[in-house]
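Below is one structure, written out as structure tokens, with a few remarks after it.
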Amino acid sequence: MSKDWDNVILLSADALRADHLSCYGYHRDTSPVLDELAEESIRFTNAYSASSHTREAIPALLTGKYPDVAIDSKYHLASDTIASTLSEEGFSTAGFHSNPFVSRAYGFDRGFDVFDDDLRMGQNKLIALAQRALDKIRNRHYARAEEINDRALSWLDSLDDDKPFFLWNHYMDTHGPYEPSGEYATHFRHERISDKEAQSLYQRAISNPASITNEERELLIDLYDGEIRYNDAKIGALIKSLRNRDLLEKSLLIITADHGDAFGEHGYYEHPRYLHDEITHVPLLVRPPGGGEEDVEAPASTLDVAATVADVVDRDAELPGESLLNATRADRTVFLQARGEDEESHLRRYSLRSTQGACFCERDLETDALEFTECHNRSLRSALEQHVEERIQIEDGGVESNEDDIDEEIERRLSALGYK
């Protein structure tokens, strides 16, 4: 398709659920920057992640493919990404984040000229050990949005003016444990609690959700909303810097999340591998240069991001998603999936969303039993059953991983983030 911009910028937030943003109807003013941006963007009100947790959601976002082909059996990247596509088209490419699950250790640097995952793997051993020790003292388990912005802007300033670029920033601030800093720690509550208390509460919410009182639940939500407000401000700072560099009007800007977070709505907290709305309904804003205010109610998927990029560069990528820039907003059905909690599990969960509603099922690969856990519409049930059969055939032909296990720095950060 023809276009009047040069660059593609993808900003994603970890664990950011759509219904906690004021531009998606939330009762608190959590997202003034995104609210303003939504007024000059295409806002997808019913966008869903292809999965409910980072290990499957980010691969789907970056590749435009369902997780069962985007990654191998040990979650290593197994498909080309947006970065690969754009690099082949002559774009400079860079990614900045600090989620160990999508680090170089899992192959996610593929296609990126610069890939900063905030890990010291491959650096001088003494420097790496010193940095790890400092991180432990500071209780640092991810890079704040301000740091991600600084690294991204430094890279942008190093580029030649005449070469298009692809920039991906992934922000971890809205991921637990919720530890908003400075003024944001008390933005939605009067009392300040220590990071240690916040971490302890978050870990207990995951391991023993029934123990969380109503007051503690409200505390978790207050802290989470504070992190959203912080993240929103830093996205605003990046957008202002892009404007000042005359880059915003030369770029296609896409803002979304890999998944959401739950607060006891279905008996669990954080984002275990279920497919309920709280952990799959994500924000999705698309701003072409000059803006383009529009609300789209038809279901959309994070798989559509890669399809949009392919559309921008006239690639016939044969992806399951659809371009978010298409003028037609016809109704459609989008599908979601997640492997079971145990990494050796034979359980698979699937779901769909359409304007007719939602449908959920589970499949045991050992017994081949398919159980519908929630589905009151016969046509939706039939559509999901057909989709599951197609995906199982594809997964059965998948490639096992021979990759080694990951180093202790990644294990430490994963533990701090509640994954271990």
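- Glu293 and Arg43 are not joined by a salt bridge, as no carboxylate oxygen comes within less than 4.0 angstrom of a charged side-chain nitrogen.
- Heavy-atom neighbours of Glu297 CD from other residues, nucleotides or ligands within 6.0 Å: at or below the threshold of 12.
- Between His97 and Phe115, the ring centre distance stays below 6.0 Å.
- Results of the salt bridge (Lys or Arg N to Asp or Glu O under 4.0 Å) test with Asp222 over Arg189, Arg229, Arg192 single out Arg189 as the only residue that passes.
- Ring centers of His53 and His271: at least 6.0 Å apart, outside the cut-off.
- Remark: Arg381 pairs with no residue by the side-chain hydrogen bond (donor to acceptor under 3.5 Å, both in side chains) rule, at least two apart or across chains.
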Could you go through Asp68 and Arg339, starting from their C-alpha distance and side-chain angles, then the distance that decides it, and tell me whether this counts as salt bridge (charged side-chain N to carboxylate O under 4.0 Å, His left out)? CA-CA 9 Å; Asp68 51 29; Arg339 303 181 190 180; over 6 Å; no

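- No salt bridge links Asp261 with Arg17; every basic N to acidic carboxylate O contact stays at or beyond 4.0 Å.
- With ring centers used as reference points, Phe91 lies 6.0 Å or more from Phe165.
- Ring centroid separation for the pair Phe360 and Phe372 does not come in under the 6.0 Å cut-off.
- Within a 6.0 Å radius of CG in Asn214, other residues, nucleotides and ligands contribute 12 heavy atoms or fewer.
- For the residue pair Gly340 and Arg273, the shortest heavy atom distance occurs at O-NH1, 3.0 Å.
- Taken together, the cysteine pair Cys359 and Cys375 places its SG atoms within less than 2.5 Å of each other.
- Side-chain contact between Leu21 and Leu16 is present, with heavy atoms from C-beta onward closer than 4.5 Å.
- The residues Glu362 and Arg348 are annotated as not salt-bridged, no charged nitrogen and carboxylate oxygen being separated by less than 4.0 angstrom.
- Shown are Glu371, Glu389, Glu385; of these, the side chain to side chain donor-acceptor pair (under 3.5 Å) with Arg363 is made only by Glu389.
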Does Asp331 form a side-chain hydrogen bond (donor to acceptor under 3.5 Å, both in side chains) with Thr355? I'd like the steps, not just the answer. CA-CA 7 Å; Asp331 187 21; Thr355 55; 2.6 Å; yes

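- The only member of Thr174, Asp225, Thr30 that meets side chain to side chain donor-acceptor pair (under 3.5 Å) when paired with His20 is Asp225.
- Taking the ring centroids of Tyr269 and Tyr202, they lie at or beyond the 6.0 Å cut-off.
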Less than 3.5 Å apart, which donor and acceptor atoms pair up between the side chains of residues 57-66 and the rest of the protein, not counting sequence neighbours?
residue: Thr63; atom: OG1; partner: Pro59; partner atom: O; Å: 2.7
residue: Thr63; atom: OG1; partner: Lys65; partner atom: N; Å: 3.1

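- The pair Glu146-Arg144 does not count as a salt bridge, with every side-chain nitrogen at least 4.0 angstrom from each carboxylate oxygen.
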